[in-house]
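Read the structure below first, then the notes.
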2 protein chains.
Amino acid sequence: MALTNRAFRLAARPVGQPKPSDWTFAEEPVPELADGQILVEVRYLSLDPAMRGWMNDVPSYIRPVGIGEVMRAGGAGRVAATRHPGFAIGDAVVGMFGVQAWAVSDGRGVTRVDEGLAPLPVYLGTLGMTGLTAYFGLLDIGRPEPGQTVVVSGAAGAVGMVAGQIARIKGCRVVGIAGGPDKCAWLTGELGFDAAIDYRAGSVKAALRERCPDGVHVYFDNVGGDILDAVLARLARGARVVICGAISQYNAEQVKGPSNYLSLLVNRASMQGMVVFDYADRYPEAIREMAGWMADGSLRSREHVVRGLETFPERLGMLFRGENIGKLVLEV
Amino acid sequence: MALTNRAFRLAARPVGQPKPSDWTFAEEPVPELADGQILVEVRYLSLDPAMRGWMNDVPSYIRPVGIGEVMRAGGAGRVAATRHPGFAIGDAVVGMFGVQAWAVSDGRGVTRVDEGLAPLPVYLGTLGMTGLTAYFGLLDIGRPEPGQTVVVSGAAGAVGMVAGQIARIKGCRVVGIAGGPDKCAWLTGELGFDAAIDYRAGSVKAALRERCPDGVHVYFDNVGGDILDAVLARLARGARVVICGAISQYNAEQVKGPSNYLSLLVNRASMQGMVVFDYADRYPEAIREMAGWMADGSLRSREHVVRGLETFPERLGMLFRGENIGKLVLEV
């Protein structure tokens, strides 16, 4: 196998926003397969805000990426060579392949997917980790009831778009918070959100007062910071706040805590964190249900596909500048 | 009835720490009783951190005290005159009598208590609102399991001392956080806590690392601020944080939010607020159980009784300076 791999390896731990020198882009030979391994030609990479957290050397829900290691990333591709009985050449697969063109894997955490049901990038988003995060976070932690008001931040992102649509499917009033008129129009138009709040256009607090006159029963938070505080100030009695992420804080050297957290006391509300990996044994049921919703048109997926493995560092930054609509996917 | 009342009325909304000019101390005639009313000679007043919140004109779990109104406070006393069929002269009663020597009441929210079972001040504390807050906050929201580590802040205060002891009764490892060696010695001595951390003596974070090697399964928070952040950094997987109060923040003009709140995500933990009034229909069962624990010696109560109605403003400040050990009660 005279194949040449191209890979981004972590060169330094970023302080604040990652910069080009935090990476090395290496061309290197693809190793020979050992028994039990497969070689995957990576076609698409999932770009996720959580990746910023994996670059920090702090205890978290997953081991940090080591200096010199290929940057961790979800990927989708096809099996190009196999010495593993469970995979055949040509199989479409998703897994944690890393930011590289070719991945050697022992098959652990690698799932075969059906390209007839949905194109590969969808398996990195709505039928992948971000869709599953939305599904379990909203339904298991948020537990919305029909008629309740559900607010989603980062609503035009990969997780938020799915969380909001599932809330709508479950009969809730859904209010999305996103940056810019295009995202907001998409939320209330194609995705059927009841309202959208453009956090760049004015006071989120005032908009929430107007859009959520009975308070917020479920808040699905992807952003943290000032928006979390604004929603905390509008909680309904007994509200559930799902802490899924905090994209506004991932590059901050000091996280801004929610100064309105005592609203939890006043409103007998709860704030709970979740990590999708805990639901691994229920992924199949969730994917089946979401695929059904996609098939009947009630759940729409949008992938924001950008091209060129070598553009990875720049593309990752798009997430933190709010430049993606839908799931950001890098085509290798 | 030529009785003269003495009462503290709210004169101004405090900014930061309340000052003497925020009150008027009035001598005024006790009104004649109407049909259905009782007159209570107030003997003891409950001094509680929550009273600071009631002085702010913001929406909360209870209506703010109006300017010119008698300051709200729990009290215990005896019925001195009655035109109410449910009460006889001499009945020992507790209720929201306000910061005054004589209270006229229509009997709503007034409960007769048995002085044979416990002295009056105990009904303002361990067998009253603060004990009930500890009971329901710990058992219903914290849900500790035997062998788990329970951390209580404000542990030598009225709520904390009961929460910690109930955790011990339920078979947990209990670590109390309090200010000063006297409080800490009392917690590990008389109250049987497994460990105590003096937050004035050094790094709470380091002490928690040492005292809670397996992390914190339940955190009962009465203080907020830096101590909340320190405990968040030590949460065990699936931990429950009970938000009961935030005494460190009640006089702050800007509340410090917990910057370590993303520990909820990493540890799949929850943070939930509670207000004891929601459990009113279960007060009798809780009081019965706690009275049983007091009778068999497993639950100890301590009242810090100070004297003189006219000293109320100064005594209230003791709570925020951490000068009380146990339940602070003002003897009228």
Side-chain angles (χ1 to χ4, degrees), chain A residues 49-50 53-54 56 58-62 133 136-137 140-141 215 221-226 228-229 232-235 237-250 252-279, chain B residues 49-50 53-54 56 58-62 133 136-137 140-141 215 221-226 228-229 232-235 237-250 252-279:
Chain A
W54 304 341
N56 295 332
V58 293
S60 188
Y61 59 92
I62 195 169
T133 299
F136 292 110
D140 268 53
I141 312 290
D221 189 31
N222 292 303
V223 304
D226 293 336
L228 172 55
D229 260 331
L232 283 173
R234 281 301 298 169
L235 293 185
R237 180 76 76 92
R240 282 85 61 204
V241 176
V242 184
I243 300 296
C244 174
I247 194 172
S248 74
Q249 304 297 308
Y250 289 162
E253 290 174 51
Q254 173 66 40
V255 169
K256 181 198 173 299
S259 52
N260 287 334
Y261 84 103
L262 287 172
S263 172
L264 298 176
L265 187 161
V266 171
N267 295 300
R268 295 82 159 158
S270 69
M271 184 187 274
Q272 187 167 348
M274 60 92 55
V275 173
V276 68
F277 304 145
D278 297 344
Y279 298 90
Chain B
W54 303 344
N56 295 334
V58 294
S60 186
Y61 60 91
I62 194 170
T133 298
F136 292 110
D140 266 54
I141 312 292
D221 189 32
N222 293 303
V223 305
D226 293 336
L228 172 55
D229 260 332
L232 283 172
R234 281 300 300 168
L235 293 185
R237 180 77 75 92
R240 284 85 60 204
V241 177
V242 183
I243 300 295
C244 175
I247 194 170
S248 75
Q249 304 297 308
Y250 290 163
E253 291 174 49
Q254 174 65 40
V255 169
K256 181 197 175 299
S259 52
N260 287 335
Y261 84 104
L262 288 171
S263 172
L264 297 177
L265 188 159
V266 171
N267 295 300
R268 298 78 159 160
S270 69
M271 183 186 275
Q272 186 166 349
M274 62 91 55
V275 174
V276 68
F277 305 146
D278 298 344
Y279 298 90

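What you are looking at is a predicted structure, and each value in this text was computed from that prediction instead of being measured. Below, chain A is the first sequence line, B the second, and so on; all start at residue 1.
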Checking heavy atoms, do the side chain of B:L232, its backbone, both or neither come under 4.5 Å from chain A?
neither

Please enumerate all residues that pass ring pair (Phe, Tyr, Trp, His ring centres under 6.0 Å) together with A:Y250, with sequence neighbours excluded.
none

Ignoring hydrogens and angles, write down the donor-acceptor pairs under 3.5 Å from the side chains of residues 265-272 of chain A, residues two or more places apart or on other chains.
{"unit_1": "A:N267", "atom_1": "ND2", "unit_2": "A:S263", "atom_2": "O", "d": "3.2"}
{"unit_1": "A:N267", "atom_1": "ND2", "unit_2": "A:S263", "atom_2": "OG", "d": "2.9"}
{"unit_1": "A:R268", "atom_1": "NE", "unit_2": "B:D278", "atom_2": "OD1", "d": "3.2"}
{"unit_1": "A:R268", "atom_1": "NE", "unit_2": "B:D278", "atom_2": "OD2", "d": "2.6"}
{"unit_1": "A:R268", "atom_1": "NH1", "unit_2": "A:V266", "atom_2": "O", "d": "2.9"}
{"unit_1": "A:R268", "atom_1": "NH2", "unit_2": "B:D278", "atom_2": "OD1", "d": "2.8"}

Heavy-atom closest pair, residues B:G225 and A:Y261
N-OH, 4.4 Å

For the candidates A:M274, A:R237, A:Q249, A:Q254, which exhibits the highest count of non-hydrogen atom pairs separated by less than 4.5 Å from chain B?
A:M274

Within a radius of less than 6.0 Å around CG of B:N260, do more than 12 heavy atoms belonging to other residues, nucleotides or ligands occur?
yes

Can you say whether B:I243 sits under 4.5 Å from chain A via the side chain, the backbone, both, or neither, judging by heavy atoms?
both

